[in-house]
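Written out below as structure tokens is the structure these notes cover.
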There are 2 protein chains.
Amino acid sequence: MELSTSDLPANFCQACAVRNRAICGDLDSNELDLLNSIGRRRRLEQGEQLLWEGDEAVLVANVIDGVLKLSTQLADGKEQILGLVYPSDFLGRPFGDTTPYGVEALTDANVCVFRRADFDRFARDHPRLEHKLLERTLSELDRTRRWMLLLSRMNAEQKMATFLLEMSERLAPDGCLNAVNAASVFALPLSRQQIGDVLGLTIETVSRQFTKLKSEGLIGLPSRREVTILERSALENRAV
Amino acid sequence: MELSTSDLPANFCQACAVRNRAICGDLDSNELDLLNSIGRRRRLEQGEQLLWEGDEAVLVANVIDGVLKLSTQLADGKEQILGLVYPSDFLGRPFGDTTPYGVEALTDANVCVFRRADFDRFARDHPRLEHKLLERTLSELDRTRRWMLLLSRMNAEQKMATFLLEMSERLAPDGCLNAVNAASVFALPLSRQQIGDVLGLTIETVSRQFTKLKSEGLIGLPSRREVTILERSALENRAV
DNA sequence: CGTACATTTGAAAATGGTCAATCACAGTGG
DNA sequence: CCACTGTGATTGACCATTTTCAAATGTACG
């Protein structure tokens, strides 16, 4: 059965860069064809918004490459970033009415989007996918709870050190999540303001911490949007 | 087929107080009998520990009544409470190796526990249950992300007001989650220290905020472990 | 009735936020 | 090619809030 949409090759999913790490990893090739038929690739420019907070939840997606942010507006107009989404991560709110956060691309990105109704139906019909989604959601919950620690108990220096270390791991070229091959030089996908929004700090505090870590020789800042980790273990000590 | 364990009546699940709200709500009576056969009730005393952080994840459970806390130890010995668990909530980490947090009863509690391996197998065989669990996990993730806002962006007064309002809703007698029938008088299941651990504040700050809200007439404190909400809308304003 | 523990209160110190000024740099147009 | 401009980033001075440290006060329970 040939189910691919007109603008996609039939083996689109098979060739997908995040195939093995994303939630579709456990599907067989029939299921993959079917999933292929309800999804499509979408390219996002840096700064482009994919979902708006409070809107009807119309889309879900897999991230293929790029970094996106999940964020919400506070009463006083400040923004809080609820999380960052990296390649192979799942994004959106299946089985719900509204999107509880806005989604915006921090870098140019490619995502594999599904109309939510299609995705929900597919998931209900394919327990293996739903199981993968459950495992991923459970992991995401664990990760989010750990992030709570950072927000509530760490001081500015600890937050920044933790943030930089996590970035260097998540941005490692092969997506492998460990410190061994973490990037020592990487391009920051966030502005100072956005880093503040992630860490619950003001832009001034973020800037002061950058300056401090740089002057102490733990990091280098070749340019505003580039970071070099010079003393990883010292940085790990700061992250406590 | 009679599958109930020796120490449980056959219709144990059917009579469960949280039957409709918990993840088992969608099961038919055959499935329920089977679930019944792998689970058992367990009564916990206040302060009793059900799971230890970092241990092999051996148990999962549904909360029938009582309040439990999920918490983790920080490097400096402080505790951070990652979340509170109320009746009908699911608890534990299915499909994972280790329990990412400790679980302790804040009040006397009754839970319905399953050996994790049994539960995992049952879930994989019963997509309806797994679907319920997925929906619940997604909701819990949303809730946790909103809590991040509280931790990172609210001041002590806002945190306390938010905390008290949430408590009064979650402790409403019928488990109905809305402000209309929220409890105006309730017993606090947490010490000042534990409240601090939930909100990311010191015990002194918690105490000062209690004193302040009381002296301003928004709440009453008949005893250390009881709270009366006197001016709900004013309290809501403080929560921003 | 006394002891242990939780809570409250007070004063000092530290941390991060706010406000304001300056700096750096990319893009634009003369 | 270079000054100009706008945006984002940095820096400084001051201030508000919360933490820390210390002491006093309750309260429960043997």
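Every chain is numbered from 1 and lettered A, B, ... according to where its sequence line falls, protein lines coming before strand lines. Excluded from the calculations below are hydrogen atoms, water molecules and symmetry mates; all remaining heavy atoms, backbone and side chain alike, are included.
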Report the distance from atom [atom1] of [X] to atom [atom2] of [N], rounded to the nearest whole Å.
{"X": "B:Leu188", "N": "C:dA6", "atom1": "CG", "atom2": "P", "result": "16 Å"}
{"X": "A:Lys212", "N": "D:dT10", "atom1": "NZ", "atom2": "C1'", "result": "16 Å"}
{"X": "B:Arg238", "N": "D:dT17", "atom1": "CZ", "atom2": "P", "result": "13 Å"}
{"X": "B:Met160", "N": "D:dT17", "atom1": "CE", "atom2": "C1'", "result": "16 Å"}
{"X": "A:Gln193", "N": "D:dT10", "atom1": "CD", "atom2": "P", "result": "12 Å"}
{"X": "B:Glu226", "N": "D:dT27", "atom1": "CD", "atom2": "P", "result": "13 Å"}
{"X": "B:Gln46", "N": "D:dA28", "atom1": "CD", "atom2": "P", "result": "14 Å"}

Set out, in order, the CA-CA distance, both residues' side-chain angles and the distance that settles salt bridge (Lys or Arg N to Asp or Glu O under 4.0 Å) for B:Arg238 and B:Glu216, then state yes or no.
CA-CA 12 Å; B:Arg238 301 298 173 92; B:Glu216 293 171 336; 2.8 Å; yes
Using a strict threshold of under 4.0 Å (side-chain N to carboxylate O), is an ion pair present between [Y] and [X]?
{"X": "B:Arg145", "Y": "A:Glu140", "answer": "yes"}
{"X": "A:Arg42", "Y": "A:Glu48", "answer": "yes"}
{"X": "A:Asp197", "Y": "B:Arg153", "answer": "yes"}

What does nucleotides 8-18 of chain C look like as a protein-contact string, B for base, S for sugar-phosphate only, - for none, at under 4.0 angstrom between heavy atoms?
BBBB----SSB
Side chain proximity check, B:Leu171 to B:Val67, heavy atoms < 4.5 angstrom:
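With C-beta onward as the side chain, the pair touches.
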Which residue in the set A:Leu68, A:Leu190, A:Asp89 passes side-chain contact (heavy atoms from CB on, under 4.5 Å) when paired with A:Leu84?
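So, applying the side-chain contact (heavy atoms from CB on, under 4.5 Å) to A:Leu84 and each of A:Leu68, A:Leu190, A:Asp89, only A:Leu190 qualifies.
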Heavy atoms only, 4.0 Å cut-off, all strands: where does B:Ser223 land among base, sugar-phosphate and nothing?
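Answer is nothing: B:Ser223 stays at 4.0 Å or more from every strand.
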